[in-house]
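Every chain is numbered from 1, with letters handed out A, B, ... down the list of sequences. Values below: every heavy atom of this structure, side chains too, minus hydrogens, waters and symmetry copies.
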Amino acid sequence: MSTSRRKFLQWMVAAGAGSTVVKSASAHEHFKGYPDSYGVLHDTTLCIGCRSCEKACNEVNDLPAPDKPFDDTSVLETKRRTDAKSYTVVNKYDVGEYAKGPVFRKFQCNHCLEPACASACFVGAFTKTPEGAVSYDASVCVGCRYCIIACPFDVPTYEYDEALTPRVMKCTLCEPRLKEGKLPGCVEACPMEALTFGKREDLITIARERIRKYPNRYIDHIYGEHEMGGTSWMYITGAPFEKLDMRTDLGVTPAPELTSGALSLVPMVIGVWPVLLGGLYVISKRKERMAHDEKTSAVKEAIDQTQADADAKLKAAMEKARKEKETAVEKAVTKALADAEKERGKEDK
Amino acid sequence: MTTENTTAPVAIKRPLLTPFNVIAGIIILIGLPLTYLRFTGGLGAVSNLDNNNPWGFWIGFDLLTGVALAAGGYVTAAAVELFGKKEYHSAVRPAILTGFLGYSLVVFALLYDVGRPWRLPYPFFVSQGVTSIMFEVGACVALYLTVLFLEFSPAALEWLGAKKLRRVVVRLTIGLTILGVVLSTLHQSSLGAMYLIAPSKLHPLWYSPYLPIFFFVSSIAAGLSMVIFEGSLSYRNFSDIMDEDHRKNRNRVVLGFGKAASLVLAGYFAIKVFGVALGNHWHLLSTPYGLWFLVEMIGFILLPCFAYAIGVRDRNVKLIRWTALWTVLGIVLNRLNITLFTFNWQLPADQRYSPHWMEIGISVFVVTIGVVVFKFIVTHMPIFYEHPDYKEAH
């Protein structure tokens with residue numbers, strides 16, 4: 001399990017247990033790499049560009065044969081990068097006043113202490129091992145290539161010509177060989193001791209010692225001691241690093257920290273949004289109900305008013321009708337009585 | 001287009017050999033051999049992707065742009081179901097449908113881009129890389145696709161006549177809408193957050209710790225604009241099957257959404273300026289990339305914002321419609337700027353990426369499938385009209 005993942009899980013567990021403060025404080029401790037982990041120091045002032053390391057790398061990793069043989073140094077005339085068929089390349093640089101001749105730099109995975117690839121991988125295919133290697137597990141890889149986007153050193157490559165089983169390809173720090181007690185292929189093959197394998201702490205001491213002893217020979221900086229939080233593969237050179245195509249603007253922040261802030265907001269969105277949106281829903285529902293109530297009460301009032309008016313009208317009409325009827329009855333009665341009187345009068349005659 | 005019949009005819013006989021069908025057929029016929037080539041020759045056979053440029057047109061357009069433009073679903077559902085804007089009710093179903101199809105297409109397009117597509121469930125079931133922003137994107141998109149499917153399902157269930165099941169799903173509406181907004185907030189922003197890990201590769205004017213917020217806010221503008229834009233396209237093509245409610249409220253939706261889009265664009269412009277201020281990148285504005293940044297900022301955020309405002313003030317529906325298309329193009333430009341045009345800006349020109357025609361071909365193929373399915377659904381299911389059996393339901 002990678003460090004960064006462990007940290008995140010720790011954090012999640014901590015958040016769950018309600019002890020966020022204590023645990024997240026420990027998650028911000030400066031991670032200086034696994035103790036006693038291994039690395040390689042590349043001293044470019046010793047490199048002669050013989051490409052022996054490339055050849056050894058190709059052999060120990062069973063990579064396909066190159067287009068041009070490894071003893072052909074004409075390939076150094078063009079800048080190269082690693083690809084699916086080569087885990088390491090040596091490039092030649094003209095550094096002007098900083099060296100008499102050309103300077104050569106070997107390029108491969110730097111095996112970061114807190115790797116961007118491991119942090120970016122959504123199946124956790126990359127692992128920073130306690131021994132120092134950043135290892136890759138093709139058996140879970142989906143092939144999304146986010147690791148290649150994430151890597152600040154442009155290291156991982158991909159099998160673009162593989163139709164169904166493409167893998168990400170990169171230097172393994174010869175992890176299998178280390179387990180057998182052997183040196184990484186490139187280190188073993190280097191005839192100039194431009195590559196030194198050892199414990200990372202020791203390598204830093206060695207590098208410091210060389211810089212102290214030969215201040216005119218070296219730039220006073222160990223590239224990889226702190227870059228992107230530190231790497232297991234480190235460099236000392238006689239020319240400014242940018243002259244050797246090495247980014248000096250990467251900073252010292254480990255890659256996982258670049259995204260941890262955004263990730264930490266996820267639980268907040270999940271927690272806060274439903275409350276906010278639910279509240280808005282309740283408000284809009286209430287508004288709707290109030291509008292509805294207002295409308296119905298207005299309608300009811302109107303109906304009641306109409307009803308009352310109608311009742312009054314009806315009552316008046318009824319009254320009128322009753323009166324009319326009464327008058328009519330009275331009239332009729334009077335008339336009938338009068339008629340009867342008349343009749344009786346006639347009969348009496 | 002006829003406007004005289006107001007009832008909703010469920011099945012209108014349309015001719016088969018229309019220009020649309022012929023062109024769609026040709027595109028799909030071209031897409032099939034490209035698909036074959038992709039899955040027999042690998043990514044290298046159909047794309048210009050390489051080790052420096054592992055993500056190209058498919059991620060830039062199909063994924064990042066596609067997801068932003070499919071934001072109409074959650075925006076419209078939230079406005080109507082949560083904020084009580086019932087007058088836009090007729091816009092919900094088309095927006096949910098395009099959202100659902102949009103996300104389905106995003107996933108479909110990913111099958112071409114990722115190396116081993118059948119392993120897409122791996123992050124959830126086999127090996128969880130929880131530190132990855134991509135894990136969050138994947139989880140949210142998968143869940144949101146399910147939510148959109150459920151939100152869309154009443155239309156399909158009405159079509160199929162499954163009344164009981166429909167009643168159950170309709171009861172979930174509020175919960176689904178809230179879940180939809182939560183998931184959309186998360187993955188819309190996370191698509192921007194994916195680039196947080198590459199500050200050394202993305203141009204500083206586009207890189208910002210605020211990227212997730214930029215992506216979320218611009219997705220709202222994109223969603224609103226897409227609803228307006230699609231609405232006018234749909235009216236042009238399907239007004240014969242729209243019901244009275246849909247036709248009457250058409251302009252209300254345009255005016256209301258135009259007003260909202262103007263506000264959102266204003267906010268988006270402001271936070272983008274804050275982004276430049278936070279990084280103190282003012283001096284970069286006078287570089288060629290800076291001018292390009294200003295083109296995006298002024299030409300595709302600020303001016304559409306004003307155009308929307310003027311359109312709403314003057315009740316100029318036509319202007320708002322064109323502004324919707326303008327805004328959509330601005331969002332497309334922003335997503336492509338981040339994924340293609342300014343990514344790896346420090347590399348020499350010959351190592352930069354430009355899409356292979358077959359990459360664009362496959363994207364066009366994917367979009368065409370979406371349009372064809374959209375057409376099938378709206379001509380068969382109650383999207384632009386209320387099903388006569390369920391009128392009382394609202």
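- Each of A/Ala125, A/Gly251, A/Ala84, A/Ala120 has some count of heavy-atom pairs under 4.5 Å with chain B, and the biggest count is that of A/Ala120.
- Counting heavy-atom pairs closer than 4.5 Å to chain A, the top-ranked of the candidates B/Pro209, B/Gly44, B/Pro199, B/Ala193 is B/Gly44.
- No side-chain heavy atom of B/Pro54 sits under 4.5 Å from any side-chain heavy atom of A/Tyr158.
- In this structure, A/Cys144 SG and B/Arg119 CZ are separated by 12.0 Å, a value rounded to the nearest 0.5 Å.
- Within residues 57-66 of chain B, no residue has any heavy atom less than 4.5 Å from a heavy atom of chain A.
- No more than 12 heavy-atom neighbours from other residues, nucleotides or ligands sit within 6.0 angstrom of CG on A/Asp94.
- Heavy-atom proximity under 4.5 angstrom to chain A picks out B/Ile174, B/Ile178, B/Val181, B/Val182, B/Thr185, B/Leu186 from residues 171-191 of chain B.
- More than 12 heavy-atom neighbours from other residues, nucleotides or ligands sit within 6.0 angstrom of OH on A/Tyr93.
- Side-chain contact between A/Tyr160 and B/Asn48: absent, with no pair of heavy atoms (C-beta onward) separated by less than 4.5 Å.
- Taking all atoms of both residues into account, the shortest heavy-atom contact from B/Glu81 to A/Tyr281 is O-CD1, 3.2 Å.
- Rounded to the nearest 0.5 Å, atoms OG1 (A/Thr259) and CD1 (B/Ile197) are 4.5 Å apart.
- Ranking B/Phe83, B/Phe124, B/Phe39 against chain A, the residue ahead of the rest is B/Phe83, based on heavy-atom pairs under 4.5 Å.
- For the set A/Gly278, A/Cys121, A/Pro156, A/Gly261, the count of heavy-atom pairs under 4.5 angstrom toward chain B peaks at A/Cys121.
- Heavy atoms only, all atoms of each residue included: A/Arg145 and B/Leu43 are closest at NH1-CD1, 3.2 Å.
- Ranked by heavy-atom pairs under 4.5 Å with chain B, the list A/Leu164, A/Thr253, A/Val272 is led by A/Leu164.
- Taking CD1 of A/Ile149 as the start and CG of B/Asn344 as the end, the distance is 7.5 Å to the nearest 0.5 Å.
- With a 4.5 angstrom heavy-atom cutoff, A/Glu162 touches chain B only via backbone atoms.
- Contact tally against chain B (heavy-atom pairs below 4.5 Å) for A/Ala116, A/Cys141, A/Pro152: the top residue is A/Cys141.
- Summarising the geometry of A/Val140 relative to B/Tyr122, their closest heavy-atom pair is O-CD2, 3.5 Å, with the distance given to 0.1 Å.
- Top candidate by heavy-atom pairs under 4.5 Å with chain B, chosen from A/Ile270, A/Leu265, A/Ile148, A/Asp154, is A/Ile148.
- For chain A, the nearby part of B/Thr40 is the backbone; its heavy atoms alone come within less than 4.5 Å.
- Nearest heavy atoms, B/Ser132 versus A/Leu263: O-CD2, 4.3 Å.
- Of the residues considered (B/Ile213, B/Leu120, B/Leu196), B/Leu196 shows the highest number of contacts with chain A, using heavy-atom pairs under 4.5 Å.
- Interface check for chain B: of the options A/Ser284, A/Ala150, A/Ala262, the most heavy-atom pairs under 4.5 Å are formed by A/Ser284.
- Heavy-atom contacts from other residues, nucleotides or ligands closer than 6.0 Å to NZ of B/Lys86 number more than 12.
- With a threshold of 4.5 angstrom between heavy atoms, B/Lys85 does not approach chain A through any atom at all.
- What you find for B/Ser200 and A/Leu250 is that their closest heavy atoms are CB-CD2, 3.4 Å.
- A 4.5 Å side-chain heavy-atom check between B/Thr131 and A/Pro256 finds every atom pair outside the cut-off.
- Inter-residue side-chain proximity for B/Ile133 and A/Tyr146 is flagged as met; some heavy-atom pair is nearer than 4.5 Å.
- Contact annotation for B/Phe343: only side-chain heavy atoms (C-beta onward) come within less than 4.5 Å of a heavy atom of chain A.
- Within 6.0 Å of NZ in A/Lys32 there are 12 or fewer heavy atoms belonging to other residues, nucleotides or ligands.
- Of all the listed residues (B/Val126, B/Leu110, B/Asp50), the one sharing the greatest number of non-hydrogen pairs under 4.5 Å with chain A is B/Asp50.
- No donor-acceptor contact under 3.5 angstrom links the side chains of A/Arg81 and B/Asn51, judged on distance only.
- With a 4.5 Å cut-off on non-hydrogen atoms, A/Asp249 touches chain B through its side chain but not through its backbone.
- Closest non-hydrogen pair, A/Ala163 versus B/Gly41, comes out as CB-N, 3.9 Å.
- The greatest number of non-hydrogen atom pairs below 4.5 Å with chain A, out of B/Gly115, B/Pro117, B/Pro212, B/Gly138, is found for B/Gly115.
- Between A/Leu258 atom CG and B/Tyr195 atom OH the span is 15.0 Å, to the nearest 0.5 Å.
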